[in-house]
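When reading the values below, keep in mind they use all heavy atoms of this one structure, side chains included, and skip hydrogens, waters and symmetry mates. Nothing fancy with the numbering, it's 1 onward along the sequence. Here the structure is a predicted model, which means the values were calculated and not measured.
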Amino acid sequence: MVKYGLDYTRCRWILPLLLGIGVIFGIIALAGRGWLESQTLPYVQRASLWQSCRRDAGGEWMCESLMNYAWGRAAAATYLVGFILLVICFALAIIAFAIDTLRFNFIRGIGGLLFVAAVFSIMGLVIYPVKFSTEIEMTGINMFSWAYGFGWTTAIMEICLGFFFCCLPNYEDQILGNVKPTYFYSSP
(Lines give C-alpha, C1' and ligand atoms only; values in the text may rest on other atoms or scores of the structure.)
Protein backbone atom coordinates (compact mmCIF):
# COMPACT_ATOMS: atom_id res chain seq x y z
CA MET A 1 0.00 0.00 0.00
CA VAL A 2 2.84 2.38 0.81
CA LYS A 3 4.66 1.51 -2.43
CA TYR A 4 1.79 2.59 -4.67
CA GLY A 5 0.34 5.27 -2.39
CA LEU A 6 -3.21 5.80 -1.30
CA ASP A 7 -4.07 7.15 -4.73
CA TYR A 8 -3.74 3.62 -6.03
CA THR A 9 -7.42 2.78 -6.49
CA ARG A 10 -7.39 -0.70 -5.00
CA CYS A 11 -5.46 0.25 -1.87
CA ARG A 12 -7.26 3.47 -1.06
CA TRP A 13 -10.34 1.80 0.41
CA ILE A 14 -8.71 -1.00 2.43
CA LEU A 15 -8.89 0.79 5.81
CA PRO A 16 -12.53 1.97 5.41
CA LEU A 17 -13.42 -1.54 4.22
CA LEU A 18 -11.87 -3.05 7.35
CA LEU A 19 -13.79 -0.54 9.47
CA GLY A 20 -16.97 -1.62 7.68
CA ILE A 21 -16.23 -5.25 8.53
CA GLY A 22 -15.73 -4.17 12.16
CA VAL A 23 -19.14 -2.46 12.09
CA ILE A 24 -20.74 -5.65 10.77
CA PHE A 25 -19.07 -7.70 13.52
CA GLY A 26 -20.33 -5.17 16.08
CA ILE A 27 -23.89 -5.50 14.78
CA ILE A 28 -23.63 -9.29 15.05
CA ALA A 29 -22.37 -8.97 18.64
CA LEU A 30 -25.14 -6.55 19.61
CA ALA A 31 -27.93 -8.59 18.04
CA GLY A 32 -26.59 -12.09 18.71
CA ARG A 33 -28.10 -14.36 21.32
CA GLY A 34 -24.91 -16.33 21.78
CA TRP A 35 -23.03 -14.38 24.44
CA LEU A 36 -23.38 -17.27 26.87
CA GLU A 37 -24.65 -20.76 26.04
CA SER A 38 -24.84 -24.17 27.63
CA GLN A 39 -21.96 -26.30 26.51
CA THR A 40 -23.55 -29.73 26.88
CA LEU A 41 -26.93 -31.33 26.27
CA PRO A 42 -29.57 -30.60 27.43
CA TYR A 43 -29.19 -26.93 26.55
CA VAL A 44 -30.62 -25.13 29.56
CA GLN A 45 -29.20 -21.62 29.41
CA ARG A 46 -28.44 -18.94 26.84
CA ALA A 47 -27.88 -15.23 27.15
CA SER A 48 -27.34 -12.18 25.01
CA LEU A 49 -26.15 -8.72 25.94
CA TRP A 50 -29.77 -7.82 26.67
CA GLN A 51 -31.36 -10.87 28.34
CA SER A 52 -30.72 -14.20 30.00
CA CYS A 53 -32.90 -17.22 29.21
CA ARG A 54 -33.21 -20.50 31.10
CA ARG A 55 -35.10 -23.64 30.10
CA ASP A 56 -37.25 -25.16 32.83
CA ALA A 57 -38.06 -28.85 33.29
CA GLY A 58 -41.03 -28.58 30.91
CA GLY A 59 -38.86 -27.37 28.04
CA GLU A 60 -40.13 -23.78 28.04
CA TRP A 61 -37.65 -20.90 27.88
CA MET A 62 -38.03 -18.31 30.64
CA CYS A 63 -36.20 -15.04 29.93
CA GLU A 64 -35.32 -12.13 32.17
CA SER A 65 -33.93 -8.81 31.06
CA LEU A 66 -30.39 -7.95 32.07
CA MET A 67 -31.44 -4.30 32.03
CA ASN A 68 -32.91 -4.90 35.48
CA TYR A 69 -29.34 -5.08 36.81
CA ALA A 70 -27.09 -2.03 37.04
CA TRP A 71 -24.15 -4.00 35.67
CA GLY A 72 -26.29 -5.15 32.72
CA ARG A 73 -27.11 -1.56 31.83
CA ALA A 74 -23.44 -0.59 32.28
CA ALA A 75 -22.17 -3.41 30.06
CA ALA A 76 -24.72 -2.66 27.35
CA ALA A 77 -24.15 1.10 27.51
CA THR A 78 -20.35 0.94 27.34
CA TYR A 79 -20.36 -1.58 24.49
CA LEU A 80 -23.00 0.46 22.65
CA VAL A 81 -20.97 3.69 23.06
CA GLY A 82 -17.93 1.90 21.64
CA PHE A 83 -20.01 0.67 18.71
CA ILE A 84 -21.43 4.14 18.00
CA LEU A 85 -17.90 5.59 18.01
CA LEU A 86 -16.88 2.84 15.57
CA VAL A 87 -19.73 3.81 13.23
CA ILE A 88 -18.67 7.48 13.46
CA CYS A 89 -15.08 6.48 12.61
CA PHE A 90 -16.37 4.49 9.64
CA ALA A 91 -18.28 7.50 8.31
CA LEU A 92 -15.29 9.81 8.88
CA ALA A 93 -12.96 7.35 7.13
CA ILE A 94 -15.20 7.25 4.07
CA ILE A 95 -15.21 11.05 3.99
CA ALA A 96 -11.43 11.25 4.54
CA PHE A 97 -10.56 8.79 1.79
CA ALA A 98 -13.13 10.13 -0.67
CA ILE A 99 -11.45 13.55 -0.77
CA ASP A 100 -8.77 13.80 -3.46
CA THR A 101 -6.24 15.47 -1.16
CA LEU A 102 -5.87 13.48 2.02
CA ARG A 103 -5.94 15.30 5.34
CA PHE A 104 -3.42 13.33 7.36
CA ASN A 105 -4.18 15.05 10.68
CA PHE A 106 -7.84 14.13 10.13
CA ILE A 107 -6.79 10.50 9.64
CA ARG A 108 -4.77 10.56 12.88
CA GLY A 109 -7.87 11.87 14.70
CA ILE A 110 -9.85 8.89 13.42
CA GLY A 111 -7.16 6.64 14.90
CA GLY A 112 -7.44 8.34 18.27
CA LEU A 113 -11.22 8.00 18.22
CA LEU A 114 -10.82 4.29 17.42
CA PHE A 115 -8.72 3.86 20.57
CA VAL A 116 -11.46 5.53 22.62
CA ALA A 117 -14.03 3.20 21.00
CA ALA A 118 -11.84 0.20 21.89
CA VAL A 119 -11.67 1.28 25.53
CA PHE A 120 -15.46 1.50 25.78
CA SER A 121 -15.94 -1.83 23.99
CA ILE A 122 -13.44 -3.61 26.22
CA MET A 123 -15.06 -2.16 29.35
CA GLY A 124 -18.41 -3.65 28.30
CA LEU A 125 -16.81 -6.96 27.35
CA VAL A 126 -15.12 -7.24 30.75
CA ILE A 127 -18.07 -6.10 32.89
CA TYR A 128 -20.44 -8.63 31.29
CA PRO A 129 -18.75 -11.97 32.12
CA VAL A 130 -17.46 -10.90 35.52
CA LYS A 131 -20.82 -9.73 36.83
CA PHE A 132 -22.88 -12.32 34.94
CA SER A 133 -20.98 -15.24 36.45
CA THR A 134 -21.16 -13.82 39.98
CA GLU A 135 -24.74 -12.52 40.11
CA ILE A 136 -26.77 -14.91 37.94
CA GLU A 137 -27.09 -18.55 38.91
CA MET A 138 -25.79 -20.73 36.12
CA THR A 139 -26.80 -24.36 35.76
CA GLY A 140 -24.77 -26.92 33.88
CA ILE A 141 -21.57 -26.24 32.01
CA ASN A 142 -21.66 -22.89 30.22
CA MET A 143 -19.35 -21.09 27.83
CA PHE A 144 -19.10 -17.60 26.44
CA SER A 145 -19.94 -18.21 22.84
CA TRP A 146 -19.90 -16.86 19.28
CA ALA A 147 -21.58 -13.44 19.70
CA TYR A 148 -19.26 -12.64 22.61
CA GLY A 149 -16.37 -13.63 20.34
CA PHE A 150 -17.61 -11.22 17.68
CA GLY A 151 -17.58 -8.50 20.35
CA TRP A 152 -13.93 -9.22 21.13
CA THR A 153 -13.09 -9.35 17.42
CA THR A 154 -14.61 -5.89 17.03
CA ALA A 155 -12.54 -4.56 19.94
CA ILE A 156 -9.31 -6.05 18.55
CA MET A 157 -10.07 -4.60 15.11
CA GLU A 158 -10.60 -1.18 16.72
CA ILE A 159 -7.18 -1.34 18.36
CA CYS A 160 -5.35 -2.56 15.25
CA LEU A 161 -7.05 -0.09 12.93
CA GLY A 162 -6.36 2.67 15.45
CA PHE A 163 -2.64 1.93 15.06
CA PHE A 164 -2.92 1.95 11.27
CA PHE A 165 -4.80 5.25 11.22
CA CYS A 166 -2.37 6.86 13.68
CA CYS A 167 0.79 5.63 11.91
CA LEU A 168 -0.33 6.36 8.35
CA PRO A 169 0.53 10.09 8.53
CA ASN A 170 4.15 9.18 9.37
CA TYR A 171 4.50 7.94 5.78
CA GLU A 172 2.88 10.99 4.19
CA ASP A 173 5.77 11.70 1.80
CA GLN A 174 5.99 8.09 0.62
CA ILE A 175 2.23 7.89 0.10
CA LEU A 176 2.06 11.15 -1.85
CA GLY A 177 5.13 10.26 -3.91
CA ASN A 178 7.30 13.14 -2.66
CA VAL A 179 10.33 10.96 -1.91
CA LYS A 180 13.10 10.65 -4.44
CA PRO A 181 13.62 6.98 -5.27
CA THR A 182 16.91 5.45 -4.21
CA TYR A 183 18.71 3.11 -6.55
CA PHE A 184 21.15 0.48 -5.37
CA TYR A 185 23.16 0.53 -8.57
CA SER A 186 25.32 3.53 -9.30
CA SER A 187 27.51 4.01 -12.34
CA PRO A 188 31.29 4.45 -11.75
### Query
Does CZ in R55 sit with more than 12 non-hydrogen atoms of other residues, nucleotides or ligands closer than 6.0 Å?
yes
### Query
Are Y69 and I136 close enough, and set up right, to give a side chain to side chain contact (heavy atoms under 4.5 Å, CB included), and what steps lead you there?
CA-CA 10 Å; Y69 300 96; I136 293 184; 4.2 Å; yes
## Note on the structure
Closest heavy-atom pair, G26 versus Y79, reported as atoms and distance to 0.1 Å, is CA-OH, 3.9 Å
### Task
Measure the acute angle between the ring planes of Y148 and F144, then classify it against the limits of 30° and 60° as parallel, tilted or perpendicular.
tilted
### Query
Are the side chain of Y128 and the backbone N or O of S48 linked by a donor-acceptor pair below 3.5 Å?
yes
### Message
Quick one: does any side-chain atom of W35 pair with a main-chain N or O of L30 as donor and acceptor, under 3.5 Å?
### Response
no
### Task
Would you name the heavy atoms of A118 and A155 that are closest together and state the gap between them?
CB-O, 4.2 Å
## Note on the structure
Between F25 and M157 the two heavy atoms that sit nearest each other are CD1-SD, 3.8 Å
### Query
Rounded to the nearest 0.5 Å, how far does CZ of R46 lie from CD of Q51?
8.0 Å
### Query
Would the F163 and F115 ring centres measure less than 6.0 Å apart?
yes
### Message
Checking E158 against F120 for the side chain to side chain contact (heavy atoms under 4.5 Å, CB included) test, could you report, in this order, the C-alpha distance in whole Å, the side-chain angles of both residues, the deciding distance, and whether it holds?
### Response
CA-CA 11 Å; E158 288 168 347; F120 277 105; over 6 Å; no
### Query
Only one of I27, I88, T154 clears side-chain contact (heavy atoms from CB on, under 4.5 Å) with F83; which?
I27
